[in-house]
Trainee: 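If you scroll down you'll find the structure; I have some questions about it.
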Amino acid sequence: MCGIVGIVAKEPVNKSIYDALTLLQHRGQDASGIATCDKTNRLFLRKGSGLVRDVFAAHHMHRLQGEMGIGHVRYPTAGGDCLAEAQPLYVNSPYGIALAHNGNLTNTEQLKNELYRDDLRHINTGSDSEVLLNVLAHELSCLRKRKLTPKAIFSATDRVFKRVSGAYAAVALITGHGILGIRDPHGIRPLVFGKRDLGKGVEYMMASESVALSSVGFRLVRDVQPGEAIFIDLNGKLSTHTAFQNPLHTPCIFEYVYLARPDSRIDNVWVYSAHLRMGEKLAKKIQEAGLVSKIDVVIPIPETSRPIALQLSQVLGLKYREGFVKNRYIGRTFIMPGQVHRRHSVRQKLNTIDAEFKNLNVLLVDDSIVRGTTSQQIIQMAREAGAKKVFFASASPPVRYPNVYGIDMAVAKELIAHKHSVEEICRIIGADALIYQDLEDLKDAVREQNPKLQAFECSIFDGHYITGDITPAYLENLAKERGDAVRKKQKREGVLFHRSRVDRSLC
């Protein structure tokens with residue numbers, strides 16, 4: 001889960017990219033970066049560990065010159081969290097290419113071997129994004145053209161699509177030519193594009209979510225389709241190409257549950273509207289469980305679950321209250337590195353309004369339960385605030401399986417639902433009752449606005465990996481490379497750098 005931006009404009013793009021990245025900050029809080037290119041074909045790059053506001057000072061912004069550029073906010077799933085893996089990544093041959101990537105490749109090791117053995121390219125980090133960049137660079141170099149045409153670029157991206165497996169939405173700045181955007185053949189990770197005309201000519205922008213477009217005055221045109229490549233040249237001419245006939249469109253359903261902002265539109269589905277329908281579906285489950293008469297008040301876990309809880313309370317005719325106050329300066333606990341950090345951050349992040357809990361039976365509503373640590377802490381806080389009984393409802397089904405497409409759920413044993421029944425989970429997190437959304441209800445809640453979405457990437461819920469190349473051995477190896485235990489070991493050995501120690505400018 002990362003956020004990407006690409007703009008070709010008639011004026012400097014540094015501030016527009018900065019503003020767009022701040023709107024995508026929820027997609028990654030580990031590192032931020034911007035690359036721009038001016039009319040002399042000189043590329044400028046600034047990236048660092050931390051939030052957008054912390055990485056870019058005024059003098060950095062001044063140096064990021066040019067009318068086209070790309071940006072990235074990073075949330076690490078592969079590689080470490082040091083500056084070397086911060087994006088955009090750059091390779092000087094051919095042309096000079098900078099790339100920003102959201103997702104995760106599933107054949108990284110195979111591609112690394114091919115790049116070293118056949119393409120004579122060296123990979124210097126553990127990042128799959130560097131692999132994707134070098135595959136693209138190699139295919140473009142095979143064209144042997146001094147000046148690229150859209151047709152030539154698309155012949156190269158066709159070969160990229162054939163070589164690369166997994167989830168990838170990416171934007172690439174090709175110095176002296178323009179910006180390229182690609183989305184994998186399954187459309188797992190989102191990518192949209194829009195345009196604006198301020199009187200100087202048409203300008204184009206690509207981004208992970210539509211909210212980033214509207215924030216800087218671009219109008220959403222449409223989503224980039226699965227297996228589609230989009231190229232915008234220096235003059236602002238847009239060219240598109242689809243590499244596959246009738247690709248199977250399977251967007252990640254967790255984008256709608258948790259990852260995307262509620263004010264974004266992805267694949268013609270408003271995320272906020274999907275949340276409302278999740279609340280309606282979940283209300284029916286609570287009715288079926290016979291809990292309605294036992295509940296005094298519905299309280300959301302801020303912030304994603306607010307519209308879900310509000311709609312649920314209206315359907316059931318129950319009182320809705322805000323019982324938690326969120327500290328907006330604490331990052332999302334789901335993407336905190338390690339269980340200890342997550343436990344500590346929950347108490348920092350949320351504070352109870354005791355009057356909304358005292359002597360009441362409360363229904364807490366959250367978007368999901370992943371590791372269970374946060375849910376357990378929140379339920380305990382509700383009891384400490386005076387709640388008589390605490391019921392818990394999840395707007396998504398049990399998260400039972402690892403994710404391999406760009407969400408940090410790589411280790412099955414860290415998922416509370418992997419080997420526990422609903423009854424056992426209820427006992428572990430300390431709830432008086434636990435209700436999960438049904439998977440089919442979740443799918444219906446999302447596709448109601450766009451019936452063309454017949455299938456979704458739901459592997460964390462059903463264990464079905466849509467790319468067809470995930471084996472038990474692959475998952476076992478992934479667990480060895482990632483997870484909280486691995487990160488703790490890496491930190492002890494000094495492999496991972498604390499972000500306060502890393503602050504360099506590359507421009």
Side-chain angles (χ1 to χ4, degrees), residues 2-25 28 30-74 82-102 124-125 127 129-130 132-134 136-137 140 147-148 170-181 200 203-208 212 215-216 218 231-236 499 502-507:
C2 296
I4 60 176
V5 175
I7 302 177
V8 177
K10 306 297 182 181
E11 57 187 30
V13 296
N14 52 359
K15 186 177 185 304
S16 292
I17 295 175
Y18 177 96
D19 291 342
L21 290 180
T22 61
L23 269 292
L24 297 177
Q25 189 74 83
D30 182 76
S32 312
I34 295 175
T36 62
C37 185
D38 66 11
K39 292 179 179 178
T40 68
N41 294 337
R42 184 180 177 189
L43 188 138
F44 304 88
L45 176 63
R46 163 66 186 175
K47 57 182 178 178
S49 298
L51 304 178
V52 176
R53 70 186 182 203
D54 299 324
V55 172
F56 299 98
H59 64 281
H60 300 130
M61 296 299 293
H62 179 72
R63 294 174 187 167
L64 291 168
Q65 302 174 31
E67 289 73 45
M68 72 171 180
I70 61 175
H72 187 267
V73 287
R74 181 174 186 260
C82 65
L83 186 62
E85 274 103 18
Q87 298 183 38
L89 298 171
Y90 173 74
V91 64
N92 66 355
S93 178
Y95 311 109
I97 305 170
L99 178 137
H101 165 222
N102 174 31
N124 198 49
T125 71
S127 171
S129 301
E130 187 186 7
L132 178 60
L133 169 60
N134 276 272
L136 173 62
L140 287 172
K147 189 67 178 177
L148 293 175
V171 289
L173 187 160
I174 307 174
T175 305
H177 292 84
I179 289 181
L180 171 70
K200 299 179 182 179
E203 303 170 315
Y204 285 97
M205 174 178 175
M206 289 180 275
S208 294
S215 69
V216 292
F218 283 80
F231 180 69
I232 308 159
D233 68 18
L234 299 178
N235 297 317
R499 63 184 48 159
V502 181
D503 183 21
R504 305 174 195 167
S505 173
L506 299 181
C507 64

Trainee: Measure from the side-chain N and O atoms of Asp38 to the backbone N and O of Gly66, and report whether any donor-acceptor pair falls under 3.5 Å.
Mentor: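 Side chain of Asp38 to backbone of Gly66, a donor-acceptor pair under 3.5 Å: no, none is there.
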Trainee: Which atom pair, heavy atoms only, marks the closest approach of Glu203 to Ala9?
Mentor: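 Where Glu203 meets Ala9 most closely, the heavy atoms are OE2-CB, 3.2 Å.
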Trainee: For the atom pair CD1 (Ile4) and NE2 (His72), what is the distance rounded to the nearest 0.5 Å?
Mentor: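 Taking CD1 in Ile4 and NE2 in His72, the distance rounds to 7.0 Å.
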Trainee: Give the minimum heavy-atom separation between Leu173 and Cys37, together with the two atoms involved.
Mentor: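 Closest approach of Leu173 to Cys37: CD2-CB, 3.9 Å.
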Trainee: About how many Å separate CG of Leu24 and OG of Ser208, when rounded to the nearest 0.5 Å?
Mentor: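 It is 5.5 Å, given to the nearest 0.5 Å.
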Trainee: Contact between Tyr90 and Ile97 at the side-chain level, heavy atoms closer than 4.5 Å - yes or no?
Mentor: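 Contact flag for Tyr90/Ile97 side chains = no.
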Trainee: With heavy-atom distances below 4.5 Å as the criterion, would you say the side chains of Ile179 and Ile70 are in contact?
Mentor: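 Result yes, sub-4.5 Å side-chain heavy-atom pair found.
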Trainee: Would you say the side-chain atoms of His177 pair up with the backbone N or O of Thr175, donor to acceptor, closer than 3.5 Å?
Mentor: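 Such a contact is found between His177 side chain and Thr175 backbone.
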Trainee: Could you tell me whether the side chain of Val13 reaches within less than 4.5 Å of the side chain of Thr36, counting heavy atoms only?
Mentor: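 In short, these two side chains touch, coming nearer than 4.5 Å.
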Trainee: Quick one, Val8 and Glu67 - any side-chain contact, counting heavy atoms below 4.5 Å?
Mentor: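 Not touching, per the 4.5 Å side-chain cut-off.
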Trainee: Quick one: are Ile7 and Tyr204 in side-chain contact, heavy atoms under 4.5 Å?
Mentor: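 Answer no - side chains too far apart.
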Trainee: I need the minimum non-hydrogen distance between Ser49 and Leu83, along with the two atoms involved.
Mentor: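 In this case the closest contact between Ser49 and Leu83 is N-CD1, 4.1 Å.
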Trainee: Once rounded to the nearest 0.5 Å, what's the spacing between atom NZ of Lys147 and atom OH of Tyr95?
Mentor: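 Answer for the NZ-OH pair, Lys147 versus Tyr95, is 10.0 Å.
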Trainee: Of all the heavy-atom pairs spanning Phe231 and Ile174, show the shortest one and how long it is.
Mentor: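 Looking at all heavy atoms of both residues, the shortest contact is CE1-CD1, 4.5 Å.
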Trainee: Are side-chain heavy atoms of Arg42 and Gln65 found at a separation under 4.5 Å?
Mentor: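 With C-beta onward as the side chain, the pair stays apart.
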Trainee: Roughly how far, to the nearest 0.5 Å, is CG of Leu45 from CZ of Arg63?
Mentor: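 The CG atom of Leu45 is 12.5 Å from CZ of Arg63, to the nearest 0.5 Å.
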Trainee: Could you grab the distance from atom CE of Met68 to atom CD1 of Ile17, nearest 0.5 Å is fine?
Mentor: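 Separation between the atoms: 10.5 Å.
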Trainee: Tell me the closest heavy-atom pair linking Met205 and Val216, and the distance in Å.
Mentor: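 So the minimum-distance heavy-atom pair works out to SD-CG2, 3.5 Å.
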Trainee: Please tell me if the side chains of Ile34 and Pro88 come closer than 4.5 Å, counting only heavy atoms from C-beta onward.
Mentor: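 A side-chain contact under 4.5 Å is absent here.
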Trainee: I'd like to check the side chain to side chain donor-acceptor pair (under 3.5 Å) partners of Asn235; sequence neighbours left out, ordered by chain and number.
Mentor: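 Listed in chain order: nothing, the list is empty.
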Trainee: Would you please test Arg46 and Val55 for side-chain contact (heavy atoms from CB on, under 4.5 Å) and show each step?
Mentor: CA-CA 8 Å; Arg46 163 66 186 175; Val55 172; 3.7 Å; yes
Trainee: Considering residues at least two apart in sequence or located in another chain, which fulfil the side chain to side chain donor-acceptor pair (under 3.5 Å) criterion with Asn134?
Mentor: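 Here the qualifying residues are Arg121.
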Trainee: Should Leu180 and Leu136 be marked as a side-chain contact (heavy atoms from CB on, under 4.5 Å) after you check the CA-CA gap, both sets of side-chain angles, and the distance that decides it?
Mentor: CA-CA 11 Å; Leu180 171 70; Leu136 173 62; 4.0 Å; yes
Trainee: How long is the gap from CG on Asp19 to OG on Ser215, to the nearest 0.5 Å?
Mentor: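 These two atoms lie 6.5 Å from each other.
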Trainee: Just so I know, are the side chains of Leu132 and Leu89 near enough to count as touching, which here means a heavy-atom distance under 4.5 Å?
Mentor: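 Of all side-chain heavy-atom pairs linking Leu89 with Leu132, none is under 4.5 Å.
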Trainee: Specify the closest pair of heavy atoms between His101 and Gln87, including all atoms of both residues, with the distance to one decimal.
Mentor: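 Nearest pair, atom of His101 first, then Gln87: N-OE1, 2.8 Å.
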Trainee: The criterion is side-chain contact (heavy atoms from CB on, under 4.5 Å); which residues satisfy it with Val52, sequence neighbours excluded?
Mentor: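 With sequence neighbours excluded, Val52 shows a side-chain contact (heavy atoms from CB on, under 4.5 Å) to Tyr18, Leu21, Thr22, Gln25, Ser32, Phe56, Val73, given in chain and number order.
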